[in-house]
Amino acid sequence: MIDYTGTVALVTGGASGIGAALAAQLSDRGADVVVADIQADLAKEVAANLPRPGLAIGCDLSAPDAPGALVKEASDWKSRLDLICANAGFGRRKKMMEEDFGPDTMNLFAVNMFAPFRIAQAYGELLSQSGARGRLMITGSENSLSLPQAVKRSRLGAYGASKHGVLIMAEWLKEELRGELMDVHVLMPGGVYTPLIARNVPDPKDLPPEMGVIMPDRCAEIALKGLDLGLFYIPTHAHIGDDIRPRAEGVWDALKQLGLN
């Protein structure tokens with residue numbers, strides 16, 4: 001079990017949902033937490049109410065230079081940075097035949113997919129200079145692995161693509177680091193009752209049971225257990241294993257039909 005006493009953790013998207021739950025649980029386990037979010041006022045409120053009051057930083061991670069500046073400001077706070085939870089992200093609902101690939105979609109990719117790896121680059125440079133070892137957990141999604149059964153009618157093509165990108169880029173990052181500088185993890189949540197869901201379903205009791213939606217605190221608990229266990233893949237729902245089967249089985253069936261098995 002990781003001892004977070006005296007450590008500093010940066011949580012992006014920390015003003016609500018999974019990020020706020022991660023910030024609270026890390027603080028409860030002894031970390032000093034930097035809460036970063038585009039919602040600066042809400043980030044201040046979350047940071048002030050942590051078990052160990054933390055630092056709030058307002059930032060828009062869609063800007064190319066923002067991730068590097070954020071890492072620097074977070075590390076300057078207490079002259080160390082032991083963990084980054086690159087959790088910021090948002091969704092988009094648009095059928096693929098209607099997707100315009102305009103500024104909103106590019107912003108989606110900038111925040112969901114590019115920002116975590118700009119953070120990783122800045123963090124790697126910081127660790128190289130200090131000689132310390134770090135830890136990076138990037139929030140992907142069940143959509144990183146498949147087209148989940150529960151959301152097949154949700155028009156999440158571009159969002160799913162951004163989260164697919166997170167996973168393969170994280171796999172390449174882990175491979176290229178070869179165990180140096182930092183440990184890398186990918187959190188892959190299924191349905192979590194975040195503000196994105198709450199806007200449409202104000203009362204979680206009204207959610208269909210088949211969606212298997214969990215609360216942010218439970219997601220954060222699983223995430224930190226995954227870090228304690230040293231897992232690279234950190235799924236949060238049992239059905240994620242079932243959802244990846246159709247793709248794998250489809251590929252194996254195609255290989256068989258093509259005589260390549």
Side-chain angles (χ1 to χ4, degrees), residues 2-15 18-19 22-23 26-27 30-38 40 43 47 54-89 106-140 144 162-188 223-224 226-227 230-234:
I2 298 169
D3 182 3
Y4 289 104
T5 305
T7 65
V8 174
L10 164 63
V11 181
T12 70
I18 297 170
L22 284 169
L26 285 165
S27 179
D32 290 308
V33 180
V34 180
V35 179
D37 204 287
I38 194 169
L55 173 69
I57 301 175
C59 64
D60 179 359
L61 290 173
S62 67
D65 59 348
L70 174 61
V71 169
K72 184 180 187 307
E73 186 172 354
S75 63
D76 285 349
W77 181 38
K78 291 184 179 289
S79 300
R80 63 185 297 163
L81 188 54
D82 303 273
L83 166 66
I84 298 179
C85 299
N87 171 75
M106 296 304 104
N107 195 50
L108 175 86
F109 278 87
V111 175
N112 289 9
M113 192 170 79
F114 301 145
F117 297 97
R118 287 179 170 137
I119 286 172
Q121 290 168 347
Y123 192 31
E125 184 176 348
L126 174 72
L127 295 171
S128 294
Q129 292 172 355
S130 68
R133 182 172 183 83
R135 187 180 300 275
L136 172 67
M137 180 172 69
I138 302 170
T139 298
S144 298
S162 73
K163 292 301 188 176
H164 261 69
V166 161
L167 180 58
I168 190 60
M169 289 172 76
E171 289 172 333
W172 275 105
L173 176 64
K174 181 176 182 288
E175 174 66 22
E176 291 166 359
L177 285 172
R178 296 187 176 275
E180 300 294 323
L181 292 179
M182 69 185 86
D183 297 304
V184 180
H185 314 262
V186 181
L187 175 63
M188 297 179 292
L224 296 188
L227 296 188
L231 301 179
F232 175 74
Y233 304 105
I234 308 178

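These values consider heavy atoms only, across backbone and side chains, with no hydrogens, waters or symmetry-generated copies.
Between A43 and D37, the shortest heavy-atom distance links the atoms CB-CB, 4.1 Å. For A88 against G13, the heavy-atom pair with the smallest separation is CB-N, 3.7 Å. Between V33 and S27, the shortest heavy-atom contact is CG2-N, 3.8 Å. Scanning both residues, A170 and V186, for their nearest heavy atoms gives CB-CG2, 3.4 Å. Considering every non-hydrogen atom in both A223 and L187, the closest pair reads CB-CD1, 3.8 Å.
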Validation: residues 62-76 side-chain donor-acceptor distances under 3.5 Å, sequence neighbours left out:
from : atom 1 : to   : atom 2 : distance (Å)
S62  : OG     : D60  : OD1    : 2.7
S62  : OG     : D60  : OD2    : 3.2
S62  : OG     : N107 : OD1    : 3.2
K72  : NZ     : D76  : OD2    : 2.7
S75  : OG     : V71  : O      : 3.1
S75  : OG     : K72  : O      : 3.0

For a quick test of your reading: what N or O donor-acceptor pairs under 3.5 Å do the side chains of residues 176-184 make, sequence neighbours left out?
from : atom 1 : to   : atom 2 : distance (Å)
D183 : OD1    : R133 : NH2    : 3.0

Under 3.5 Å, sequence neighbours excluded: what are the donor-acceptor pairs made by side chains of residues 112-119?
from : atom 1 : to   : atom 2 : distance (Å)
N112 : OD1    : F90  : N      : 3.0
N112 : ND2    : F90  : O      : 2.9
N112 : ND2    : S162 : OG     : 3.2

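Here CE of M188 is found 6.0 Å from CG of L167. Values are rounded to the nearest 0.5 Å. Note that CG of L22 is 8.5 Å distant from CG of L227, once rounded to the nearest 0.5 Å. Remark: L10 CG to D82 CG distance equals 11.5 Å, nearest 0.5 Å.
The shortest side-chain heavy-atom distance between V34 and L81 does not fall under the 4.5 Å cut-off. With a 4.5 Å cut-off on side-chain heavy atoms, W77 and I57 do not count as touching. A heavy-atom distance below 4.5 Å is not found between the side chains of E171 and E175. Counting heavy atoms from C-beta outward, Y4 and L83 have side chains that approach closer than 4.5 Å. You'll find the side chain of L136 reaches within 4.5 Å of the side chain of L173, heavy atoms only. Counting only heavy atoms from C-beta outward, the side chains of I234 and M137 approach each other to under 4.5 Å.
Looking at K163, its side chain does come within 3.5 Å of a backbone N or O of T139 through a donor-acceptor pair. Between the side chain of S128 and the main chain of G124, a donor-acceptor pair closer than 3.5 Å is present.
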Check against side chain to side chain contact (heavy atoms under 4.5 Å, CB included), I2 and R135: CA-CA 11 Å; I2 298 169; R135 187 180 300 275; 3.7 Å; yes
message: Evaluate I38 against V111 for side chain to side chain contact (heavy atoms under 4.5 Å, CB included), listing each step before the verdict.
response: CA-CA 11 Å; I38 194 169; V111 175; over 6 Å; no
